[in-house]
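Structure, as structure tokens:
Remember, it's a predicted structure, so these values are computed and weren't measured experimentally.
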Amino acid sequence: MTDHPENRLKDSASPYLRSAAHQPIDWHEWGDAAFARAKSEDKPILLDIGAVWCHWCHVIDRESYENAEIAKIINEHFVAVKVDRDERPDVDSRYQSAVSAISGQGGWPLTGFLLSDGKPFFGGTYFPPEDQMGRPGFRRVLLAVADSYRNKRAELERAANSLADAVSQAEVFTGARADFDLGVVDAQIKSITQLFDIKNGGFGRAPKFPHSSAIDLILERYQQKKEKHLLAMAETTLEKMARGGVYDQLAGGFHRYSVDERWLVPHFEKMSYDNSELLKNYVHASQVSEKHDWEASFSDTADSIAIWVTRVLSDQENGGFYASQDADYSLDDDGDYFTWTLDEVRAVLTQEESRVIELYYDVEAQGEMHHNPAKNVLWIARGFEEIGQILGRDPWDIVTIKCNAAARMMKARLARPTPFVDKTMYVSWNSMFVSAFLDASHVLQPSIAEMCREFALKTVDRMLREAWSESRGFGHRIGGPALEGSLDDQVFSVLALLDAYETTLDPRYFTAAQKTMDLAIARYGDAEGGGFFDRPCDAAPMGGLDVRRKPFQDSPTPSANSVAAIALIRMHAFTGDDRYRAFAQKTLEAFAGIAPQYGLFAATYGLAATLFAHHPIQVVITGNSDDTAAQALEVAAHRVFRFGKSVLRITPETPQLRLAGALKETLPHLPANKPLAVVCYGQTCFPPTSDPEQLTALLENGIAGAATS
């Protein structure tokens, strides 16, 4: 902290920006005032983009932005602008592209130098205060940029104009448009398979990220083709992650990524969007895989993600999912809240418990953390049977000892200083978790399933109440000052609303989904070229990088254009309105020429392409609400994973459904009080069945055979 009076960030809605309110820098938030001041004072703009969960963002804050001498240089020569990348993903994405073009790398903190109109001419990521680690010192960079701005203005302007043109051209995706070809999925599966780490699971080398859409694509492809190596890839990846340090072994939930190939040492921040998509992965794997490891099943991992989110990352009273939990509670630690020394373990456990935990989680005097070698990341190093053999005990005794010891360690951990939770609620990330929780509500054990269902519906109700507008669709944030929504906010919300409708058959969810989809087409859609822009057509200007951008790559969340295509396909399946399918096709064709080369990073496109070619599977189950035979059919329908599948449970009291195609023609001929299941896709319906096993076989094998024949 400094003695400097609080700056104008003290009133920001963003926790990240408020954390810089004490700094001796005259910060601005992103907006017209900063650009106007830069122009009137003829100063370049220093742009800092970061996030509250970002460790190195806080490092540069402490080292440089809290340094009085560096602050003086900034205040004298620059107009300083600080941006929260979670709050303004539109700003972040454009300047990430620009700085990556300049320096060859992106990430956070992002440090950009802009002309007064917002066009960047130089930038990088983290700069140390003085020259070190092969990086130029920030003090030297600031003085050099200020000197160039005064004495080499024409050169900087040429560079800025050239860079702006390059970013604009990159967003056009020259050569991207092509006819739709389902063969793209073959190319993606081949690419993903080549990147698969057969020893450690996951894809590529360190650092290791989850790539959740790729896992779902593999699982869906397996359901179609029954190629065992595909299932093995998904199982290995999910098992290794759940046993690794990237997974919080005590509380549940996943850290953002692993710095090594073995999933052992993570970056410890926990993001909402990672955990929602991984929750889906583990739910889907539990539906597909016959492996039931008594030590840690896929459904157990899904349970623990849901429980952790409920306890830490959600507003239980009002509904809503929080954005993230920090890695650290201060700049002087690096995951200390989550890691353990051998002495810390022995201090809270009995000798017997400690011995089991030391073997199970590989706790030793020398741990994995470089900044504090005594600190251990907890990961599952040995199974219960192996530990039982080492200690001469029954494996079930080891299970009991381990569970009791882990509970005591968790209690001790809760007494530690706790990393900050960003309680901002972003609509797109909330929508992702609504869909994940509703997915889980159909599959997990009853108590957790019901918890997930109730909270997901409470959240979607709050989204509609606080973040939705008849004229503009969804905003970006639930609560706080209004923020213009992005394409992500619209299309993920459509999926969440459709999932809520399928779960409840409440028509207001479907109506809201359709209105949101229509607004997305009108305000974000490219009627001529296909696909969607990330900002609405009437969005306020963004400064020098006001390029029209169509997000396509899965990074760090599923591609908004691919998600839009999925939403359109599902909407068409319910309504039969061909304009939805036509726009889905145009969206897929807008990127068909480049999708194969993106491989792993366009897996959501592969899911959309699969759904477009094969049509969403719809299952309607009839029967009285208390009919156990109908309930057994419903369980069987949910037991099978098929991407985009909907299960509609109707009773004699159910209001008229939104149905199209063959299902619309078939359903009126079925007695509503008789337990039957009808499976349809596209214009095809299979004969009704009252046999749960036959229904399961049809979903696992019959549809796959029909869809690929």
Side-chain angles (χ1 to χ4, degrees), residues 30-32 34-35 38-39 44-51 78-79 81-125 141 145 148-149 152-177 484 486-488 524 526 528-537 539-557 559-562 590-591 593-595 597-598 601-602:
W30 180 271
D32 293 340
F35 289 105
K39 188 174 182 179
I45 293 170
L46 166 65
L47 176 65
D48 173 73
I49 303 179
F78 298 89
V79 172
V81 177
K82 203 171 188 73
V83 171
D84 181 339
R85 64 87 45 209
D86 294 343
E87 187 176 76
R88 293 300 305 263
D90 53 344
V91 175
D92 177 62
S93 60
R94 286 158 174 78
Y95 286 94
Q96 288 285 349
S97 296
V99 169
S100 293
I102 294 168
S103 66
Q105 65 175 3
W108 305 282
L110 193 79
T111 307
F113 295 96
L114 327 178
L115 300 176
S116 59
D117 64 1
K119 289 179 182 174
F121 57 84
F122 181 66
T125 53
V141 168
V145 169
S148 295
Y149 190 80
K152 299 178 182 177
R153 180 78 59 87
E155 188 177 322
L156 294 187
E157 288 175 349
R158 283 195 299 272
N161 289 329
S162 176
L163 183 60
D165 289 343
V167 172
S168 182
Q169 285 299 313
E171 296 298 343
V172 170
F173 288 115
T174 303
R177 187 166 187 79
E484 177 73 75
S486 66
L487 176 62
D488 293 65
Y524 297 82
D526 181 354
E528 182 178 343
F532 294 81
F533 298 107
D534 65 336
R535 306 179 77 228
C537 56
M542 265 194 59
L545 280 184
D546 198 13
V547 299
R548 304 219 71 187
R549 177 176 179 271
K550 293 181 181 178
F552 176 63
Q553 183 171 311
D554 293 342
S555 180
T557 56
S559 153
N561 266 281
S562 300
F591 305 99
I594 58 168
Q597 69 197 53
Y598 275 77
F601 296 96

### Query
If you draw a 6.0 Å radius around CG in D165, do more than 12 non-hydrogen atoms from other residues or ligands fall strictly inside?
yes

### Query
If we only count heavy atoms from C-beta on, is the R535 to D546 side-chain gap below 4.5 Å?
yes

### Message
I'd like to know if the side chain of R94 and the backbone of V547 have a donor-acceptor N/O pair within less than 3.5 Å.
### Response
yes

### Query
When rounded to the nearest 0.5 angstrom, what is the spacing between CZ in F532 and CZ in R549?
15.5 Å

### Query
Looking at A38 and I45, what are the two nearest heavy atoms and their distance?
CB-CG1, 3.7 Å

#### Entry: Side-chain heavy-atom pair W30, L47 within 4.5 angstrom cut-off
yes

### Task
Could you pull out the closest heavy-atom pair between S559 and D554, with the gap in Å?
N-OD1, 2.7 Å

### Message
Are V81 and F35 packed together at the side-chain level, in the sense that at least one heavy-atom pair is separated by less than 4.5 angstrom?
### Response
no

### Query
Between V83 and Y95, is any pair of side-chain heavy atoms under 4.5 Å apart?
no

### Query
Once you round to the nearest 0.5 Å, how far does CD of E157 lie from OG of S162?
13.5 Å

### Summary
Taken to the nearest 0.5 Å, the spacing of I49 CD1 from D86 CG works out to 11.5 Å

### Task
Only counting residues at least two apart or in another chain, list the ones meeting ring-ring contact (aromatic ring centres under 6.0 Å, His included) with Y598.
F552

### Query
Hey, are the side chains of F591 and K550 touching, using non-hydrogen atoms and a 4.5 Å cut-off?
yes

#### Entry: Least distance between heavy atoms, A164 atom then G544 atom
CB-O, 4.3 Å

### Query
Any sub-3.5 Å donor-acceptor pair from S103's side-chain atoms to S100's backbone N or O?
no

### Message
So does L487 get a backbone contact from the side chain of D534, meaning a donor-acceptor N/O pair under 3.5 Å?
### Response
no

### Query
F122 and L156: side chain to side chain contact (heavy atoms under 4.5 Å, CB included), yes or no, with the steps?
CA-CA 9 Å; F122 181 66; L156 294 187; over 6 Å; no

### Task
State, with a plain yes or no, whether a side-chain heavy atom of Q96 is found less than 4.5 Å away from one of P89.
no

### Message
Can you tell me how far apart CZ (R158) and CG (L163) are? Round to the nearest 0.5 Å.
### Response
14.5 Å

### Message
Under a 3.5 Å distance rule, please check whether R548 uses its side chain to pair with a backbone N or O of F533 as donor and acceptor.
### Response
no

Name every donor-acceptor pair, under 3.5 Å, that has one atom in a side chain of residues 107-121 and the other anywhere in the protein, sequence neighbours excluded.
| unit_1 | atom_1 | unit_2 | atom_2 | d |
| --- | --- | --- | --- | --- |
| W108 | NE1 | D92 | OD1 | 3.0 |
| T111 | OG1 | T125 | O | 2.7 |
| D117 | OD1 | K119 | N | 3.0 |
| K119 | NZ | N161 | OD1 | 2.8 |

### Query
Closest approach of D488 and A560, non-hydrogen atoms and distance?
OD1-CB, 3.6 Å

### Task
Write down the atom of A98, the atom of V167, and the distance for their closest heavy-atom approach.
CA-CG2, 3.8 Å

